[in-house]
Amino acid sequence: KLNMSVFLASQDYSDAKDSMGRFYAYCGTKVFFRPLGDECVEIVSKITHLERNIIATLPDFSCAITGAVYSEYYGKNITISSAIRGKTYRPPEVGDYDEDIEEQ
């Protein structure tokens, strides 16, 4: 309606059920990384409709996405009812994730 986008990043979703609840309700697409603590895992599990153990054990560089996502098949955004899981993008010039682990 207002034709604006906002990016908000956090691993702490404990405010989602209180003051932030109304703000989250207006967000069309939500991207979640592994949250901190059991309370946050429970909240994210309810929002994404994924099991708690899936949310609590999201691997590094992975995320869960819910809301409106672009479909190449339909050629437009579609709303998904349950979150999809995927890996985050890392540009080739930065190198492979495995290389970083081996250097440490």
Side-chain angles (χ1 to χ4, degrees):
K1 178 179 176 180
L2 300 175
N3 198 24
M4 59 186 263
S5 298
V6 175
F7 291 92
L8 173 68
S10 176
Q11 285 183 292
D12 183 0
Y13 303 99
S14 57
D15 285 342
K17 63 183 180 184
D18 299 321
S19 59
M20 291 296 288
R22 286 184 275 163
F23 179 77
Y24 285 119
Y26 285 104
C27 295
T29 303
K30 300 171 185 81
V31 180
F32 297 97
F33 300 94
R34 185 175 50 238
L36 298 174
D38 289 336
E39 182 183 9
C40 295
V41 168
E42 183 67 32
I43 292 167
V44 172
S45 176
K46 288 178 183 177
I47 293 171
T48 60
H49 303 284
L50 293 174
E51 294 177 20
R52 294 186 77 231
N53 66 329
I54 292 172
I55 295 299
T57 59
L58 275 173
D60 289 347
F61 314 113
S62 295
C63 61
I65 302 171
T66 187
V69 295
Y70 183 76
S71 167
E72 288 186 4
Y73 180 80
Y74 292 108
K76 64 180 183 177
N77 283 347
I78 59 167
T79 301
I80 53 177
S81 57
S82 182
I84 55 176
R85 293 179 294 160
K87 287 195 171 272
T88 57
Y89 173 76
R90 184 166 176 159
E93 63 270 11
V94 176
D96 192 4
Y97 290 120
D98 296 329
E99 291 173 8
D100 289 346
I101 295 170
E102 292 171 5
E103 290 175 6
Q104 295 176 359

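In this chain, numbering begins with 1 at the start of the sequence shown.
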Asker: For a quick test of reading the model, state the closest non-hydrogen atom pair linking Ser62 to Phe33 and the distance between them.
Answerer: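 Shortest heavy-atom contact: O-CD2, 3.3 Å.
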
Asker: Is the shortest heavy-atom distance from the side chain of Phe32 to the side chain of Ile65 under 4.5 Å?
Answerer: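 When only atoms from C-beta onward are counted, Ile65 and Phe32 do not touch, as no gap falls below 4.5 Å.
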
Asker: Under 3.5 Å, is there a donor-acceptor pair between the side chain of Thr29 and the main chain of Val69?
Answerer: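 Judged by distance alone, no pair lies under 3.5 Å.
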
Asker: Just by distance, do the side chain of Thr66 and the backbone of Lys30 share a donor-acceptor pair under 3.5 Å?
Answerer: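 Judged by distance alone, no pair lies under 3.5 Å.
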
Asker: Would you check if Ile55 and Glu42 make a side-chain contact, meaning some heavy-atom pair closer than 4.5 Å?
Answerer: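 No, side chains not in contact.
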
Asker: Can you tell me how far OG of Ser71 sits from NZ of Lys76, rounded to the nearest 0.5 angstrom?
Answerer: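 Answer rounded to 0.5 Å: 9.0 Å.
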
Asker: Out of curiosity, Ile80 CD1 to Thr48 OG1, how far, rounded to the nearest 0.5 Å?
Answerer: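 It is 10.0 Å, given to the nearest 0.5 Å.
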
Asker: Could you report the tightest heavy-atom contact between Ala56 and Arg34, atom names first, then the distance?
Answerer: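 That would be O-CD, 3.5 Å.
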
Asker: Do other residues, nucleotides or ligands put more than 12 heavy atoms under 6.0 Å from Tyr70 OH?
Answerer: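 Count over threshold, so yes.
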
Asker: Does one hydrophobic cluster hold both Leu58 and Val41, with members joined at side-chain heavy-atom distances below 4.5 Å?
Answerer: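 They do not share one cluster, since no chain of ILVMFWY contacts under 4.5 Å joins Leu58 to Val41.
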
